[in-house]
There are 2 protein chains.
Amino acid sequence: MSAAENQQLKQVLREHELKATTQRIALLKLLDATHEHFDAEEIYLELLKKQKNVSRATVYRSLEALAEQDLVTRLDFGDGRMRFERSKGEDEHHDHLICEECGKVIEFFNLEMEAQQLSVCEENDFTPSTHTMHIFGICSDCKKPQ
Amino acid sequence: MSAAENQQLKQVLREHELKATTQRIALLKLLDATHEHFDAEEIYLELLKKQKNVSRATVYRSLEALAEQDLVTRLDFGDGRMRFERSKGEDEHHDHLICEECGKVIEFFNLEMEAQQLSVCEENDFTPSTHTMHIFGICSDCKKPQ
DNA sequence: ACGCAAGTGCAAATAAGTCTCATTTAAATT
DNA sequence: AATTTAAATGAGACTTATTTGCACTTGCGT
């Protein structure tokens, strides 16, 4: 039932001048199917589970290539390993609230904040490419139970 | 000429229940004296240069202890190593524009942005502790020369 | 089907940071 | 000032995340 999806992903990869290998397709499919923020090791293990042949090196190299083409996005939550998510369109951009207790990640988007960022860039004659806005703290679930 | 400074730093350390060791004092003095964002290795090498006896382990441990007491601030620019700066007061908080070309870091503060952050937290019943706002792009110096 | 550059797998190599443990030292106590 | 002791340090081994070298494989244009 994913033949069509495969075709579509092959298409996407080729459009970005990347060879459509089974590993890259499986990786994109995985990230497309989840809303979580996996790190490289988790992606590697997930792909293995699905009987796919992969090596860690390929996961890292694929993620790098895909990130370069903006097909996936790197997320740095400051805990020493990179996470990844399927890139959203410009319009679906979001930032993160990160619970220091349970690790949960809440996504948010605030138009006013984005506008202020552009204005700061302008003031500094700075041409922005990407940004990260991470707010660390305690989520509602973690503060309720004493 | 830094005897007074030493005394002051000893005082600060003791107020935070940290032993005022020569290593910690030298480290704070170094960060006080610069406006750069050193990583642990750079701090280690700088301290060595100044004929101070230190080991990497002590640099890491000191930075951790000092960060815990909010005497220094961790900065994560997403390139795989932590940077540090002497903590500023609440009122001196700032975020960063990071040039992807030359690595320059421009500090900025935008009150409206901070206000929006709090409002996002409120909306999500999230209690913030710290945040990082990094805008990556190209600085004015790097885009002028063709 | 053919050819070859791009991609992959494996294992060894790096890089940043952490840990162990014997020794030292700040600072509280006599 | 000498004694005590818990905290801090130094040296180096170790861990974890990621990168690299190299021989082998595979998309995909012809």
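Hydrogens, waters and symmetry mates play no part in the numbers below; they use all other heavy atoms, side chains included. In what follows, chains carry the letters A, B, and so on, assigned in the order in which the sequence lines appear, proteins first and then strands, with residues in each chain numbered from 1.
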Between [X] and [N], is there a side-chain N or O to OP1/OP2 distance below 4.0 Å?
| X | N | value |
| --- | --- | --- |
| Gln23(B) | dT25(C) | no |
| Arg24(B) | dA8(D) | yes |
| Thr58(A) | dG9(C) | yes |
| Ser62(B) | dA8(D) | no |
| Arg56(A) | dA17(D) | no |
| Tyr60(A) | dT18(D) | yes |

Once you round it to whole Å, what is the distance between [atom2] of [N] and [atom1] of [X]?
| X | N | atom1 | atom2 | answer |
| --- | --- | --- | --- | --- |
| Gln7(A) | dG27(D) | CD | P | 13 Å |
| Asp79(B) | dA17(D) | CG | C1' | 14 Å |
| Leu47(A) | dG7(C) | CG | P | 17 Å |
| Glu64(A) | dT19(D) | CD | P | 6 Å |
| Ile43(A) | dT18(D) | CD1 | C1' | 13 Å |
| Arg83(B) | dA16(C) | CZ | P | 10 Å |
| Met82(A) | dT18(D) | CE | P | 8 Å |
| Leu13(A) | dT26(D) | CG | C1' | 15 Å |

*Between His37(A) and Phe84(A), is the ring centre distance below 6.0 Å?*
no
Return the nearest nucleotide to the side chain of [X]; candidates are [options].
| X | options | result |
| --- | --- | --- |
| Ser55(A) | dA8(D), dG9(C), dG17(C) | dG9(C) |
| Arg81(B) | dG27(D), dG9(C), dG17(C) | dG17(C) |
| Ala20(A) | dG10(D), dC28(D), dA17(D) | dC28(D) |
| Leu18(A) | dG7(C), dG27(D), dG9(C) | dG7(C) |
| Asn53(B) | dG10(D), dT18(D), dA26(C) | dG10(D) |
| Ala40(B) | dA26(C), dG17(C), dG10(D) | dG17(C) |

*Checking side-chain contact (heavy atoms from CB on, under 4.5 Å) against Gln116(B), which of Met113(A), Gln116(A), Met133(A) comes through?*
Met113(A)
*Of all the heavy-atom pairs spanning His96(A) and Glu85(A), show the shortest one and how long it is.*
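Scanning both residues completely, I find the closest heavy atoms to be NE2-OE1, 4.2 Å.
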*Check whether any side-chain heavy atom of Thr58(B) lies under 4.5 Å from a side-chain heavy atom of Arg61(B), and answer yes or no.*
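Thr58(B) reaches Arg61(B) side chain to side chain.
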*Output yes when Arg56(B) and Glu41(B) qualify as a salt bridge under the 4.0 Å nitrogen-oxygen rule, no when they do not.*
yes
*Does NZ in Lys29(A) sit with more than 12 non-hydrogen atoms of other residues, nucleotides or ligands closer than 6.0 Å?*
yes
*Looking across every strand, which nucleic acid part, if any, lies under 4.0 Å from Glu41(A) by heavy atom: base, sugar-phosphate, or nothing?*
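Nothing, no heavy atom under 4.0 Å.
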*With DNA chain C as reference, determine whether Tyr44(A) or Gly80(B) sits nearer its 5' end, using the nearest nucleotide of each.*
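With Tyr44(A) and Gly80(B) compared, the 5'-side residue is Tyr44(A).
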*Given DNA chain C, 5'-ward residue of the pair Asp39(B) and Thr22(B), judged by closest heavy atom*: Asp39(B)
*Can you find a donor-acceptor N/O pair under 3.5 angstrom joining the side chain of Lys19(B) to the base of dA8(D)?*
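When only heavy-atom distances are counted, Lys19(B) does not reach the base of dA8(D) through any donor-acceptor pair under 3.5 Å.
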*asked:* On the side chain of Arg61(A), is there an atom forming a donor-acceptor pair with the base of dG21(D) - under 3.5 Å, no angle test?
replied: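 Checked by distance alone, the answer is yes.
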_Which is more 5' along DNA chain D, the nucleotide nearest Ala57(B) or the one nearest Thr21(B)? Just name the residue._
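Upstream on the strand: Thr21(B).
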